[in-house]
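Nothing here was measured: the structure is a model prediction, and the numbers come from that model. Atom set for the values below is all heavy atoms of this structure, side chains included, hydrogens, waters and symmetry mates excluded.
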Amino acid sequence: MKRVEEGAKAKLKAKRASRASGARKPAAKAKKTAKAGTKAKPDASEAKLIKVRKGEKVAAVLSGGNPRIAKADGDAPVQAYIAGMAGWKRDLGKRLDALIVRNVPNLRKAVKWNSPLYGIEGQGWFLGLHTFTHYVKVAFFRGTSLRPVPPGASKGKDTRYIDIHEGDELDEAQMANWVKQAAALPGFLAR
């Protein structure tokens, strides 16, 4: 029995010494319990409801106004994403989708990472859309190879963006030119 006590004391002493030296394990977060009669606060990952035009369905969106759509391949999830975009962004999403479909034969569509992606089978993804509170971002995954180079820089060495805000004039001819160029390049190969 005495040995067990000595072993426990030695472990406790070693634990105190390691804490004193600054080596610590991160503290486990305690779970908070809701008090009776209080509402739970929405988690950052939970979807929020947005205001939509009269007569339209309410869409679940993440922070920043991005529609929450499950990961899936095909046109249907992309159309669901576009339908979930609010107001002017929805109209822009429809225009961009139609422009891409018109200019790229053998187009492949999917929603991954909560963003519509456009690509060519066996060649990868060349373009992605993402909705933010005040704009829609169009990402060209090999954008540095396009001429002229799209204006928005990225942390990635190849990716370039164009941010489209409400009231911006969409240069459809330039966008179609970029889409055709991007589709002809090897794309981003995501699974």
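- With hydrogens and angles disregarded, no donor-acceptor distance shorter than 3.5 Å links the side chain of Trp125 to the backbone of Ala110.
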Handout entry: Intermediate values then yes/no, side chain to side chain contact (heavy atoms under 4.5 Å, CB included), Lys109 and Gln79
Key = CA-CA 10 Å; Lys109 298 181 186 183; Gln79 295 310 316; 3.6 Å; yes

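- Between the side chain of Lys112 and the main chain of Asp73, no donor-acceptor pair closer than 3.5 Å is present.
- To the nearest 0.5 Å, the span separating CD1 on Ile82 from CD1 on Ile69 amounts to 10.0 Å.
- How far NZ of Lys94 is from NZ of Lys89: 15.0 Å, rounded to the nearest 0.5 Å.
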Problem - side chain to side chain contact (heavy atoms under 4.5 Å, CB included) between Met85 and Val136, worked out - result: CA-CA 10 Å; Met85 296 168 81; Val136 174; 3.9 Å; yes

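- In this structure, the side chains of Lys71 and Pro77 stay at 4.5 Å or more apart for every pair of heavy atoms.
- When each of Leu127, Val78, Val138 is paired with Ile100, the side chain to side chain contact (heavy atoms under 4.5 Å, CB included) condition holds for Leu127 and for no other.
- One N or O on the side chain of Gln123 and one on the backbone of Ala183 form a donor-acceptor pair closer than 3.5 Å.
- Side-chain contact between Leu96 and Met175 is present, with heavy atoms from C-beta onward closer than 4.5 Å.
- Within the 4.5 Å cutoff, side-chain heavy atoms of Phe140 are placed close to those of Leu146.
- Between Arg108 and Ile120 the shortest side-chain heavy-atom distance does not fall below 4.5 Å.
- Judged by distance alone, with hydrogens and angles left aside, the side-chain atoms of Asp163 form no donor-acceptor pair with the main-chain N or O of Gly152 at under 3.5 Å.
- The distance from atom CG of Asp97 to atom CG of Asp75, rounded to the nearest 0.5 Å, is 6.5 Å.
- Linking Ile, Leu, Val, Met, Phe, Trp and Tyr residues whenever their side-chain heavy atoms come within less than 4.5 Å leaves Trp178 and Val149 in two separate clusters.
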Problem - Verdict with reasoning, Tyr135 to Asp168, per side chain to side chain contact (heavy atoms under 4.5 Å, CB included) - result: CA-CA 10 Å; Tyr135 62 97; Asp168 285 354; over 6 Å; no

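- Annotation: the span from Lys137 atom NZ to Ser154 atom OG amounts to 8.0 Å, rounded to 0.5 Å.
- The ring-ring contact (aromatic ring centres under 6.0 Å, His included) contacts involving residues 142-164 comprise nothing, where partners must be two or more places apart or lie in separate chains.
- Closest of all the heavy-atom pairs between Leu185 and Ser145 is CD1-CB, 3.6 Å.
- Using a 4.0 Å cut-off between a side-chain N of Lys or Arg and a carboxylate O of Asp or Glu, Arg95 and Glu172 qualify as a salt bridge.
- For the salt bridge (charged side-chain N to carboxylate O under 4.0 Å, His left out) test, no residue two or more places apart in sequence or in another chain qualifies with Arg160.
- Side-chain N or O atoms of Gln181 include one that pairs as donor or acceptor with a backbone N or O of Arg147 at under 3.5 Å.
- Separating the CG atom in Leu117 from the CZ atom in Phe188 is a distance of 8.0 Å, to the nearest 0.5 Å.
- The closest side-chain heavy-atom distance from Asp158 to Phe141 is not below 4.5 Å.
- Residue His165 qualifies as enclosed at atom NE2: its count of foreign heavy atoms under 6.0 Å is above 12.
- Using a 4.5 Å heavy-atom threshold, the side chains of Thr131 and Pro67 count as touching.
- Closest approach of Tyr81 to Ser115, counting heavy atoms only: CE1-CA, 4.3 Å.
- Looking at every heavy atom in both residues, His134 comes nearest to Trp88 through O-CZ2, 3.8 Å.
- Residue Val104 comes nearest to Val179 through the heavy atom pair CG2-CG1, 3.5 Å, listed as atom of the first residue, atom of the second, then distance.
- Here CD1 of Ile164 is found 11.0 Å from CD of Glu169. Values are rounded to the nearest 0.5 Å.
- Between His130 and Phe132, a ring centre-to-centre spacing shorter than 6.0 Å is recorded.
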